[in-house]
Amino acid sequence: MTDKSIEILQTGKLLASCEAALAERYTVHKLHEEADPKAWLAANGSRIRAHAGSGVQADLMDALPNLEIIASFGVGYDNIDTRTAKARNIRVTNTPNVLNDAVAELTIGLMIALARRIPQADQYVRQGKWLSGSMPLFSELTGKTVGILGLGRIGKEIAARAQAMKMRVVYHGRKRQPSEPHVFYDNLTDMARDSDWLVIIAPGGKGTERIVSRDVLTALGPKGMIVNVARGTLIDEPAMLDLLQNGGLGGAALDVFEDEPEVPSGFLALDNVVLSPHQGSATVQTRDAMGALLVANLEAHFAGEPLISAVV
Ligand code: NAP
Ligand code: 8YV
């Protein structure tokens, strides 16, 4: 439904197909393109009924007194102050499920890339090193145990693909899921000790900050491999780097970082690391589906219908 009397705000660039769908339906303002965002908000903030994008904190909500809904692009909403939103009766939606397959595919891709050093092997050929001899031998996924931290929507898709790689799956979360066939650990350190691989796919935010501590990483051990496709905040990043540099941890495949897009330079020098610039959901198919779900939530809201994927 098109209703140009509805004014919505973007504070950052969005996927082109999503921006086009929003502009077709509503009057869209782009704060990130304003010369003086503060002055723009003071003059126009009271007309804004919806925010589209991510990263909304209390100060922005203060400047948008008639905000009704925050439609976030992404399933993780750790960068939205949901407590303040709830207190102010502002609805919040995210984009779950449509990205499960893409993130699970990248996870398995990163695992194979790390186990077999695929990025390094590519460089080996390009740099002509093959002419002087073969690369060393590495490991494989077959027969290994993968511990999944966060057996949720995406975690379950990773588990299914890991089983297809002939891996044994175990998991940790706050509670056991009786319908899941995999072994449950109520203690993350114990799971790490019993696993060859640790895959992190639980939400970011205060509740999970650095739950993958130095102790957990040490339990994973010198041959242990860690994969983070969740948020950088879940791992003690300096401890991970230290252990990777000093043989305390076997390897890491990292799609997310504590202060991304900044990546601590120490990681760049390591051969036992595979790096990825937050690409979990980054396929055309999935990003289009995420954008469509964001728009569908706004449409439902302004039609007075139940939201499709509300978190608040
Ligand atoms: P989900 O369905 O909500 O699953 C999250 C899982 O984490 C649940 O199984 C939950 O189990 C567990 N969990 C939550 N809090 C926990 C805690 N304090 N300690 C231990 N386990 C905890 O979420 P999802 O859709 O799979 O997405 C997971 C996360 O992936 C997102 O929040 C996002 O940050 C990240 N993500 C990253 C990318 C990327 O591009 N790299 C893309 C999409 C998503 P319990 O309730 O039993 O604890
Ligand atoms: C990003 C993600 O949101 O859905 C999530 O939680 O981490 C990703 O899909 C996406 O890269 C948009 O910034």
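Every number for a ligand or one of its atoms is a count from 1 in the order of the listing.
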Would you check whether Asp255 has a nitrogen or oxygen atom less than 3.5 angstrom from a nitrogen or oxygen atom of ligand 1?
-> yes
If you have a sec, work out which protein heavy atom is nearest atom 16 (C) of ligand 1 and how many Å separate them, to one decimal?
-> Arg174 NE, 3.6 Å
Considering only heavy atoms of Gly74, which atoms of ligand 2 have at least one such atom less than 4.0 Å away?
-> 3 (O), 4 (O), 5 (C)
Which atoms of ligand 2 sit under 4.0 Å from any heavy atom of Gly76?
-> 4 (O), 5 (C), 6 (O)
Leu268 and Leu244: same hydrophobic cluster, using ILVMFWY side-chain contacts below 4.5 Å?
-> yes
Out of Lys175, Lys156, Glu157, Gln177, whose heavy atom sits nearest atom 46 (O) of ligand 1?
-> Lys175
Under 4.0 Å between a Lys/Arg side-chain N and an Asp/Glu carboxylate O for Arg153 and Glu157?
-> no
Go through ligand 2 atom by atom and flag the ones less than 4.0 Å from a non-hydrogen atom of Met290.
-> 9 (O)
Numbered atoms of ligand 2 (with element) below 4.0 Å of Arg231, judged on heavy atoms | 2 (C), 5 (C), 6 (O), 7 (O)
Closest protein heavy atom to atom 6 (C) of ligand 1, given as residue, atom name and distance to 0.1 Å | Gly150 CA, 3.6 Å
Ligand 1 and Ile154, any nitrogen or oxygen pair closer than 3.5 angstrom?
-> yes
With the threshold set at 4.0 Å, does a side-chain nitrogen-carboxylate oxygen contact exist between Asp62 and Arg88?
-> yes
Provide the number and element of each atom of ligand 1 under 4.0 Å from a heavy atom of Leu151.
-> 9 (O)
Mind checking whether Thr208 has an N or O less than 3.5 Å away from an N or O of ligand 1?
-> no
Check the hydrophobic clustering (I, L, V, M, F, W, Y; side-chain heavy atoms under 4.5 Å; chains of links allowed) and say if Leu198 and Ile112 are grouped together.
-> no
Could you list which atoms of ligand 2 come closer than 4.0 Å to a heavy atom of Leu99?
-> 4 (O), 9 (O)
Would a 4.0 Å cut-off, counted as strictly less than, catch a protein heavy atom around atom 6 (O) of ligand 2?
-> yes
Number the atoms of ligand 2 from 1 as they appear, then name those within less than 4.0 Å of a heavy atom of Ser281, with their elements.
-> 8 (C), 9 (O), 10 (C), 11 (O)
Taking atom 44 (C) of ligand 1 as the reference point, the nearest protein heavy atom with its distance = Val75 CG1, 3.3 Å
Ligand 2 atoms in contact with Phe73 (distance to a heavy atom under 4.0 Å) = 3 (O), 12 (C)
Just checking, is any N or O donor in the side chain of Ser17 or Asp288 under 3.5 Å from an acceptor N or O on the other one?
-> yes
Report the nearest protein non-hydrogen atom to atom 30 (O) of ligand 1: residue, atom name, distance rounded to 0.1 Å.
-> Ile201 CD1, 3.1 Å
Does Ala230 reach ligand 1, in the sense of a heavy atom lying below 4.0 Å from it?
-> yes
Is the closest N or O pair between Arg153 and ligand 1 shorter than 3.5 Å?
-> yes
Interfacing atoms of ligand 2 (cut-off 4.0 Å, heavy-atom, Val75) = 4 (O), 5 (C), 6 (O)
Compare Pro277, Gly280, Gly173, Pro203 and give the one whose heavy atom is closest to atom 11 (O) of ligand 1.
-> Gly173
Residue, atom and distance of the protein heavy atom nearest atom 2 (C) of ligand 2 read His278 NE2, 3.6 Å
Under-4.0 Å salt bridge between Glu140 and Lys166 = no
Any N or O on His278 sitting closer than 3.5 Å to an N or O of ligand 1?
-> yes
Closest approach of any protein heavy atom to atom 4 (O) of ligand 1, naming residue and atom | Gly152 CA, 3.3 Å
Residue, atom name and distance, where the atom is the protein heavy atom closest to atom 33 (C) of ligand 1 = Arg231 NH1, 3.7 Å
Numbered atoms and elements of ligand 1 in range of Val103, under 4.0 angstrom, heavy atoms = 42 (C), 43 (C)
Residue pair Gly204 / Thr233: nearest heavy atoms and the distance that separates them = CA-OG1, 4.0 Å
Honestly curious: do Leu106 and Val256 fall in one hydrophobic cluster under the side-chain, below-4.5 Å linking rule?
-> no
May I ask you to list the atoms of ligand 1 that are less than 4.0 angstrom from any heavy atom of Ser281?
-> 40 (O)
Measure up the Phe184 and Tyr171 rings against each other and bin them: parallel (under 30°), tilted (30 to 60°), perpendicular (over 60°).
-> tilted
Ion pair present between Arg193 and Asp215, side-chain N to carboxylate O less than 4.0 angstrom?
-> no
Can you tell me which residue and heavy atom of the protein come closest to atom 37 (C) of ligand 1, and the distance to 0.1 Å?
-> Val229 O, 3.0 Å
Give me the one residue out of Leu141, Val169, Ile148 that meets side-chain contact (heavy atoms from CB on, under 4.5 Å) with Trp197.
-> Leu141
Proximity of Arg287 to ligand 2 by residue part, where a heavy atom lies under 4.0 Å = side chain
Is there a path of hydrophobic side-chain contacts, each under 4.5 Å between heavy atoms of I, L, V, M, F, W or Y residues, that connects Val212 with Ile158?
-> no
Side-chain heavy atoms under 4.5 angstrom apart, residues restricted to Ile, Leu, Val, Met, Phe, Trp, Tyr: same cluster for Leu9 and Phe73?
-> no
